[in-house]
Amino acid sequence: MNVMEIYETMEYGPAPESPTLVLDWLKEHQPFGLFINGQWVKPASGKYLDTINPSTGKPLAQVAAANSNDVDAAVAAARVAAETWSKTPGHTRARYLYAIARHIQKHSRLLAVLESMDNGKPIRETRDLDIPLVARHFYYHAGWAQLMASELPGYEPVGVVGQIIPWNFPLLMLSWKIAPALAMGNTVVLKPARYTPLTALKFAEIVQEIGLPPGVVNILTGEASQVGDALVLHPGVNKIAFTGSTDVGRTLRRATAGSGKKLSLELGGKSPFIVFDDADLDSVVEGVVDAIWFNQGQVCCAGSRLLVQEDIADRLINKLRARMEKLRIGDPLDKAVDIGAIVSSAQLQEIQRLVAQGVEEGAVMWQPSWACPTEGYFFPPTLFTNVSPATTIAQVEIFGPVLVSMTFRTPAEAVELANNTRYGLAASVWSENINLALDVAPKLKAGTVWVNCTNLFDASSGFGGYRESGFGREGGKEGLYEYVRPMWETSSSSSNGLPIAIESTHSSDGSEQAVSTDEAGEDEMDHTTVSESFNGYHLALPAIDRTPKMFINGKQVRPDSGYSRDVYDPRGHVIGQVGEGNRKDIRNAVEAAHAAGGWASSTTHNRAQILYYIAENLSVREAEFAHRLVQQTGCSGADAATEVQAAISRLFSYAAWADKYEGAVHRPPLRGVVLAMKEPIGVIGMACPSEYPLLGFISLVAPAIAMGNTVIAIPSQQSPLSAIDCYQVLETSDLPAGVVNIVTGDRDTLSQVLADHDDVESMWYFGPAEGCKRVELASAGNMKRTWVNYGHQRNWLDLVQGEGEEFLHESTHVKNIWVPYGE
Ligand code: NAD
């Protein structure tokens with residue numbers, strides 16, 4: 001084929017991803033053991049099972065077949081670990097979850113290829129969707145671990161959670177289960193699906209890699225009949241979290257009824273995809289491709305029932321058929337492939353059976369003209385028309401690439417048809433008329449409704465069903481409640497008949513490991529004696545002079561004035577100099593902060609990532625920052641270490657809040673909703689407190705930038721070096737230029753310039769009462785918002801005074817968007 005022909009046909013060549021690294025990894029590890037108490041152990045049965053590559057039908061690896069003895073061992077390990085993990089501070093748990101997220105990213109390609117080979121789904125999906133969403137889930141829940149104490153007061157972890165997941169999104173479902181459980185202080189025993197255990201085993205390796213305390217995560221592979229029942233019925237398990245079919249969910253509801261075990265069920269679906277006649281049909285076609293051919297249709301919320309307004313049905317069906325003709329099926333590791341293999345031969349047979357039944361029941365079946373690969377388990381995209389709503393294919397979850405379509409005339413009929421199912425997982429509504437879409441959406445009995453889109457997921461938005469699609473939510477704050485219970489329950493549990501957590505008979509190994517990370521900084525460290533000799537050289541030479549500059553527009557700059565001011569230690573010795581900032585420096589900083597306004601529209605996830613990165617880089621230089629505090633303030637090494645630790649924790653808190661301090665939806669007395677959206681204020685000037693030179697600075701800057709503002713900070717007047725040292729941390733943390741600007745000098749002079757400046761939208765001032773008054777007076781110029789402390793010092797170490805809602809509130813304002821609806 002020559003270049004001209006390629007241009008004309010736009011035909012792709014194959015672009016296969018190499019399986020070599022995955023095959024090497026499998027060879028090294030198999031047969032795989034069970035992951036119990038942080039160790040790989042042989043299964044009590046001595047038996048192993050093959051896991052098959054669905055695109056070839058050939059075995060990929062051997063995994064252990066656990067039985068009830070292994071379940072006992074895993075639950076015992078989880079119980080012991082729960083004693084410590086449940087008391088491990090939120091910040092420590094956040095660090096572990098964060099480390100898991102980082103390691104998922106480090107191994108992302110291996111995980112993507114492994115998932116694709118084990119499940120049969122296209123590498124394009126595992127690489128671009130599954131694995132990034134897995135990492136996102138752990139990042140997001142690291143945030144909730146950090147915030148649990150303040151945001152879920154009065155709640156405690158449930159204890160040991162048994163988790164059972166399906167094969168359609170193996171690692172993603174694992175993350176939906178494990179991340180919130182660990183964040184809330186639970187320990188887990190997880191059973192992956194029989195067909196797709198491999199990424200869970202790689203995950204176990206990651207758990208070892210990051211040094212998660214033993215027993216917090218245990219993974220048992222094997223048959224449902226051997227592991228599932230034993231786990232569900234085990235008296236040492238406090239909660240079961242299950243994702244799978246409605247039939248098994250029903251069995252679990254019955255099995256756990258009356259036991260006091262908490263239960264969450266994410267089950268099947270038969271989700272409607274509703275297209276009104278004013279919809280953009282080209283978008284609709286792509287939407288349908290996503291809704292039902294993504295992951296070969298093996299998606300619980302797949303838009304498997306296409307409901308089309310009668311007058312456009314023929315046009316849409318023709319467009320769809322043309323698109324189906326162009327879908328590419330084949331080797332899941334080929335990056336140009338749209339549709340991969342069905343997970344197993346049993347599942348393939350089930351799809352074939354239901355499709356045959358559809359034909360028998362009188363529906364019209366259409367498939368593209370091309371043929372599927374003959375090796376492996378493939379099934380072509382399939383479209384049924386002329387489907388009657390009561391038939392099997394219109395009611396039963398096929399869990400394959402099979403779409404059934406029906407027509408309606410009016411919106412009311414569409415709603416009726418959509419709700420004509422025992423399920424209620426998701427729905428998708430397509431119309432260019434927002435009034436109509438928002439009128440229909442609340443009437444659909446489904447946990448998620450997508451307007452002009454489909455299959456969108458994010459850790460921040462809860463997912464779960466109505467009716468026979470199950471109960472409980474995964475993701476969002478609402479998902480956390482599945483993994484906690486009110487504290488009062490524990491104290492009154494013996495008297496009211498609720499089950500009491502089973503006491504462990506084991507000693508608590510691993511406990512120190514869990515807590516010690518957080519306490520590491522408490523060591524007596526006295527950095528005043530640091531570096532008196534180094535590698536045998538006595539440091540008689542003067543240190544190389546270091547001139548901290550100011551930080552404007554992402555660059556280190558000298559002060560416009562050309563003057564420096566001395567910085568003294570508590571004994572009056574000069575320990576360094578900083579630039580003497582002036583009006584011109586402030587003007588440059590404001591300009592830079594304005595130019596960085598794009599920060600406000602960066603995603604909240606991205607902002608969270610950068611705050612985590614700042615924390616990470618600060619923690620690398622923990623000792624140096626503590627030393628600087630001792631030098632400037634004369635505090636003890638231990639106090640300095642505490643301040644640095646608190647600053648790191650604070651960065652974690654606002655990284656956590658970045659994607660969680662959200663708006664609300666109000667229901668005023670009209671037909672419609674009001675979307676109350678939190679927005680950043682813009683450019684914020686801030687005079688940092690003199691005390692706590694590092695923590696004071698971080699406590700103000702972090703919430704402001706987490707919410708999308710850009711800032712000009714004047715560091716502690718007495719001890720500016722800690723804030724100035726931070727620019728080296730900021731420079732290495734992917735923070736865009738101009739988001740944080742630091743100008744040193746006389747606090748009150750610089751504050752006055754900021755408060756006077758018309759392009760500064762808010763001014764924060766933490767200093768003496770007279771300074772506060774001056775800032776408030778000056779701000780009247782452009783009526784900027786101010787936040788001042790009226791001379792009252794805060795205890796910046798205290799969580800109530802030093803972080804939280806007040807800071808987020810000062811960093812945002814609320815915009816209300818009114819959306820009346822109804823035809
Ligand atoms: P399944 O119910 O057969 O199996 C799910 C898991 O449960 C597997 O790990 C299986 O080994 C285990 N299991 C089976 N019988 C059990 C028993 N008696 N006791 C304990 N555990 C048992 O489902 P599947 O075929 O693996 O997955 C497909 C189903 O999952 C579909 O119905 C799909 O809609 C549903 N699903 C739902 C969601 C959701 O979030 N709602 C997400 C993905 C999949």
Side-chain angles (χ1 to χ4, degrees), residues 49 51 54 63 65-66 68 71 118-119 121 130 133 137 162-177 180 189-197 200 219-234 237 240-256 261 263-271 292 294-304 342-344 346-351 354 396-400 421-426 446-448 455 457 461-475 479 482:
L49 304 164
T51 173
V63 301
S68 61
V71 173
D118 202 19
N119 168 281
K121 57 170 75 189
D130 292 53
L133 281 176
H137 221 74
Q163 305 187 313
I164 301 173
I165 55 173
W167 43 258
N168 57 346
F169 293 90
L171 194 64
L172 187 58
M173 289 300 108
L174 173 149
S175 71
W176 282 24
K177 295 276 175 289
V189 178
L190 177 130
K191 189 195 95 58
R194 164 73 182 83
Y195 298 140
T196 53
I219 295 186
L220 301 179
T221 50
E223 301 279 6
S225 56
Q226 298 292 311
V227 186
D229 283 354
L231 191 56
V232 170
L233 299 175
H234 202 292
V237 170
I240 294 291
F242 172 81
T243 297
S245 59
T246 297
D247 286 346
V248 175
R250 193 169 282 121
T251 311
L252 300 194
R253 173 65 289 177
R254 290 186 181 133
T256 52
K261 273 188 189 133
L263 179 66
S264 48
L265 299 174
E266 302 284 350
L267 308 175
K270 189 80 179 172
S271 299
I292 187 67
F294 166 58
N295 201 20
Q296 295 70 250
Q298 304 165 124
V299 181
C300 50
C301 49
S304 50
I342 301 296
V343 73
S344 66
Q347 181 66 17
L348 179 61
Q349 283 163 25
E350 180 62 4
I351 297 169
L354 284 163
V396 169
E397 182 184 38
I398 301 175
F399 225 57
T421 165
R422 60 194 177 108
Y423 295 112
L425 196 52
T448 300
N455 276 343
F457 311 98
S461 303
F463 183 86
Y466 287 22
R467 310 205 277 201
E468 290 191 30
S469 291
F471 48 78
R473 291 290 180 267
E474 291 188 305
E482 304 299 331

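Numbering of ligands and ligand atoms starts at 1, following listing order. For the numbers below, each heavy atom of this structure counts, side chains included, while hydrogens, waters and symmetry mates do not.
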Asker: So which protein heavy atom does atom 24 (P) of ligand 1 come closest to, and at what separation?
Answerer: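 Of the protein heavy atoms, W167 NE1, 3.3 Å lies nearest.
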Asker: May I ask you to identify the nearest protein heavy atom to atom 9 (O) of ligand 1, giving residue, atom name and distance to one decimal place in Å?
Answerer: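 Of the protein heavy atoms, I165 O, 2.7 Å lies nearest.
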Asker: State whether the shortest distance between N or O atoms of T243 and N or O atoms of ligand 1 falls below 3.5 angstrom.
Answerer: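 So ligand 1 has no N or O lying under 3.5 Å from an N or O of T243.
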Asker: So do F471 and L267 actually touch side chain to side chain, heavy atoms under 4.5 Å?
Answerer: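 Of all side-chain heavy-atom pairs linking F471 with L267, none is under 4.5 Å.
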Asker: Assess L231 for proximity to ligand 1: is some non-hydrogen atom of it under 4.0 Å away?
Answerer: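 For ligand 1, residue contact (heavy atoms, under 4.0 Å) with L231 is absent.
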Asker: Under the side-chain contact (heavy atoms from CB on, under 4.5 Å) rule, what do E474 and T243 come out as? Steps first, then yes or no, please.
Answerer: CA-CA 10 Å; E474 291 188 305; T243 297; 3.9 Å; yes
Asker: Between K191 and A224, what is the shortest heavy-atom contact and its length?
Answerer: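 Here K191 and A224 meet closest at CE-CA, 4.2 Å.
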Asker: Mind running side-chain contact (heavy atoms from CB on, under 4.5 Å) on I398 and K270 for me, showing each step along the way?
Answerer: CA-CA 8 Å; I398 301 175; K270 189 80 179 172; 3.9 Å; yes
Asker: Residue-level breakdown please: for F242 versus ligand 1, do any non-hydrogen atoms fall below 4.0 Å on the side chain, on the backbone, on both, or on neither?
Answerer: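 The side chain, only.
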Asker: Considering only protein heavy atoms, which is closest to atom 14 (C) of ligand 1, and at what distance to one decimal place?
Answerer: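 Here the nearest protein heavy atom works out to A224 CB, 3.4 Å.
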Asker: So Y195 and W167, would you call those rings parallel, tilted or perpendicular, with 30° and 60° as cut-offs?
Answerer: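 Because their plane-to-plane angle lies in the 30° to 60° range, the rings of Y195 and W167 count as tilted.
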Asker: Are any of the N or O atoms of R194 closer than 3.5 Å to those of ligand 1?
Answerer: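 R194 vs ligand 1: no N/O contact under 3.5 Å.
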Asker: Check E482 with R473, please: is the shortest side-chain N to carboxylate O separation under 4.0 Å?
Answerer: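 Salt bridge between R473 and E482, a charged N being under 4.0 Å from a carboxylate O: no.
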Asker: Where does L267 meet ligand 1, judged by heavy-atom distances below 4.0 Å: at the side chain, the backbone, both, or neither?
Answerer: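 Contact part for L267 vs ligand 1: backbone (N, CA, C, O).
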Asker: What part of E397, side chain from CB on, backbone N/CA/C/O, both or neither, has a heavy atom under 4.0 Å from ligand 1?
Answerer: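 It is the side chain that gets close, since no backbone atom is under 4.0 Å.
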Asker: For atom 36 (N) of ligand 1, which protein heavy atom lies nearest, and how many Å away is it?
Answerer: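 Answer, as residue, atom name and distance: C300 CB, 3.4 Å.
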Asker: Measure from atom 4 (O) of ligand 1 to the protein's non-hydrogen atoms and state whether any distance is below 4.0 Å.
Answerer: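 No, there is no protein heavy atom closer to it than 4.0 Å.
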Asker: Can you check whether R467 reaches R422 side chain to side chain, under 4.5 Å on heavy atoms?
Answerer: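 A side-chain contact is absent here, since even the closest heavy-atom pair is not under 4.5 Å.
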Asker: Can you classify the ring geometry of F294 versus F169 as parallel (below 30°), tilted (30 to 60°) or perpendicular (above 60°)?
Answerer: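 Tilted, since the angle between the ring planes falls between 30° and 60°.
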Asker: Measuring from Q298:CD to Q347:CD, what's the distance to the nearest 0.5 Å?
Answerer: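 The CD atom of Q298 sits 5.5 Å away from the CD atom of Q347.
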Asker: To which protein heavy atom is atom 2 (O) of ligand 1 closest, and what is the distance rounded to 0.1 Å?
Answerer: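 For this ligand atom, the closest protein heavy atom is S245 OG, 2.6 Å.
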Asker: Are any of the heavy atoms in F169 under 4.0 Å away from ligand 1?
Answerer: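 Not so, F169 does not reach ligand 1.
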Asker: What residue and heavy atom of the protein are closest to atom 35 (C) of ligand 1, and at what distance?
Answerer: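 For atom 35 (C) of ligand 1, the nearest protein heavy atom comes out as G244 O, 3.1 Å.
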Asker: Short N/O distance, under 3.5 Å, between N168 and ligand 1?
Answerer: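 No, there is no polar N/O contact under 3.5 Å.
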Asker: Start with the C-alpha distance between T51 and D118, add both sets of side-chain angles, then the distance that settles side-chain contact (heavy atoms from CB on, under 4.5 Å), and finish with yes or no.
Answerer: CA-CA 7 Å; T51 173; D118 202 19; 2.7 Å; yes
Asker: Is ligand 1 under 4.0 Å from a heavy atom in the side chain of V248, in the backbone, in both, or in neither?
Answerer: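 The answer is the side chain.
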Asker: Students should be able to answer this: which protein heavy-atom is nearest to atom 20 (C) of ligand 1, and at what distance?
Answerer: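 The closest heavy atom on the protein side is G228 CA, 3.4 Å.
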Asker: Can you check side-chain contact (heavy atoms from CB on, under 4.5 Å) on V343 and N168, steps first, answer last?
Answerer: CA-CA 8 Å; V343 73; N168 57 346; over 6 Å; no
Asker: Considering non-hydrogen atoms of the protein only, which is the closest contact for atom 18 (N) of ligand 1, and what is the distance?
Answerer: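 Result for atom 18 (N) of ligand 1: D229 OD1, 3.7 Å.
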Asker: Just jot down the ligand 1 atoms closer than 4.0 angstrom to any heavy atom of E266, in number order.
Answerer: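 Close to E266: 37 (C), 38 (C), 39 (C), 40 (O), 41 (N).
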